[in-house]
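Have a look at the structure below before the remarks.
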There are 2 protein chains.
Amino acid sequence: MDTFLSIDEVARRTGLSAHTLRYYERIGLIGPVARGSDGRRRYSAADVAWIGFLLRLRGTRMPVASMQAFARLRAAGDHTAGERRQMLEKHLATVVAEIATLQHSAAALADKIAHYRRLEDTGAAPQPSSRRKR
Amino acid sequence: MDTFLSIDEVARRTGLSAHTLRYYERIGLIGPVARGSDGRRRYSAADVAWIGFLLRLRGTRMPVASMQAFARLRAAGDHTAGERRQMLEKHLATVVAEIATLQHSAAALADKIAHYRRLEDTGAAPQPSSRRKR
DNA sequence: GCTTGACTTAGAGCGTGCTCGAACGCCTAG
DNA sequence: CTAGGCGTTCGAGCACGCTCTAAGTCAAGC
C-alpha cells in the first residue's frame, strides 16, 4: 500500500495550502509527519483524517490555541480521552449557542430586508439595478 | 429632551469600548457624531440604533469592509435603499449557509463525543477527572 | 490657581491565523 | 553535467479588528 501522500496531494485534498500544512505542523496541530528518505513529508491516511477533523474544528471557529491543546492531549495517549471528550462537549455547547444567535440574527436581517422592500414598494425612487417585479 | 449620550454611556449600552466607538467613527462605520460645545461626542438615539444594527452585522461576521460599504450607501441617501437591500439579502444567504454548515459540524462533533463516550464505557482507562456514573 | 478626571486626536502596537520569500537540497530528464 | 521542479527550513510580513499610548483640552471642585 503506497498510501502515503505528498504535501501537495494533501493540500489538494484538504483545501489547505502546503504552506499552511507546514505551519500547522510547526505549531503542533499536526504531529510530526513521516518523512521519505529524501526528507519530504509522507502523509498517512490517519494524518489526513486528523487534518479533516481539525478543519471541522476550525470551521466551528475553535481557536488554534484550543486545537493545540486538543492535539497535545491526543498525543499524550489514550488516558486523556476523557479530557478530550470534555473539551469537545464544551465546544459543542458554544457551537450550539452560536447557531442560536445566528438564527436570531438571520431573522432580524430578514426583517430588515422586508422593511427595505416595503420602503421600495411604497413608491420611493425605483431601483436602477434591481428588477423587482412585484 | 436631553436624549444625547456621552461616549461612555454608549459604550456601556452597546458593550463596545469608547476606543472602539471612536475607531468605528474614524473608519466611517458611524457617521460624524454631533459634538457638544466642548467638542465631546453627543450620540443621538438614531446613532445608538445604528450601532446596534452594526453589532448585529458584526455578530454575523460581516467584514468591516462590507459594513463600511453599507454605511457609505446609507449616507448617500434614500436612493441607495435597493442596493442596501441587495447587500443584506446576499449577506443573509451567507448567514443561512453558515448556519447549515455549523449544524452539520455540530452533528459531527456530537458523533465524535459519542465515540469517546463509547471508548470510555468499553472499559478503557477510567477517567480521573470525570464522574461517569453509567 | 491647581488638580482631577473625562474627553479629544493621531498614530503606534497587538493577537490571530495565516502567507510568503529566501536560500538551499535532492531527484529526474535531457 | 546541467537545468528544472518540487520539496525543505527559518523567519519575516500581512490582513483584520481592534486596543492602547501620548499629548493635549476643557470643566468642575477645592
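Throughout, protein chains are lettered first and strands after them, A, B, ... in sequence-line order, and every chain is numbered starting at 1. All heavy atoms count here, side chains included; hydrogens, waters and symmetry mates do not.
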Using every non-hydrogen atom in the two residues, find where B:Val33 and B:Glu25 come nearest and quote the distance to one decimal. N-OE2, 3.4 Å
What are the two closest heavy atoms between A:Arg42 and A:Arg35, and how far apart are they? CD-C, 3.6 Å
Minimum heavy-atom separation for A:Leu57 to A:Thr60, with atom names? O-OG1, 2.7 Å
Can any side-chain N or O of B:Asp111 pair as donor or acceptor with the backbone N or O of B:Ala108 at less than 3.5 Å? no
So, does A:Glu83 use its side chain to make a donor-acceptor pair with the main chain of A:Thr80 at under 3.5 Å? no
Of all heavy-atom pairs between A:Thr14 and A:Leu55, which one has the smallest distance, and what is that distance? O-CD1, 3.5 Å
Between residues 46-57 of chain B and DNA chain D, which residues have a heavy-atom gap below 4.0 Å? none
Where along nucleotides 3-8 of chain C does protein come under 4.0 Å, by heavy atom, of base (B) or sugar-phosphate alone (S), with - for untouched nucleotides? --BBSB
Identify the heavy atoms of B:Ser17 and B:Ala11 that sit nearest to each other, and give their distance. C-CB, 4.1 Å
With sugar-phosphate taken as primed atoms, P, OP1 and OP2 and all else as base, the protein-contact string of nucleotides 16-21 of chain D at under 4.0 Å (heavy atoms; B, S, -) is -BBBBB
What is the distance, rounded to the nearest whole Å, between atom CG of A:Leu5 and atom C1' of D:dG7? 15 Å
Main-chain N/O of A:Ile27 paired with A:Gln68 side-chain donor or acceptor, under 3.5 Å: yes
Considering all heavy atoms, the nearest B:Gln103-A:Gln103 contact: NE2-NE2, 3.4 Å
If you round to the nearest 0.5 Å, how far is CD of A:Glu9 from CZ of A:Arg41? 14.5 Å
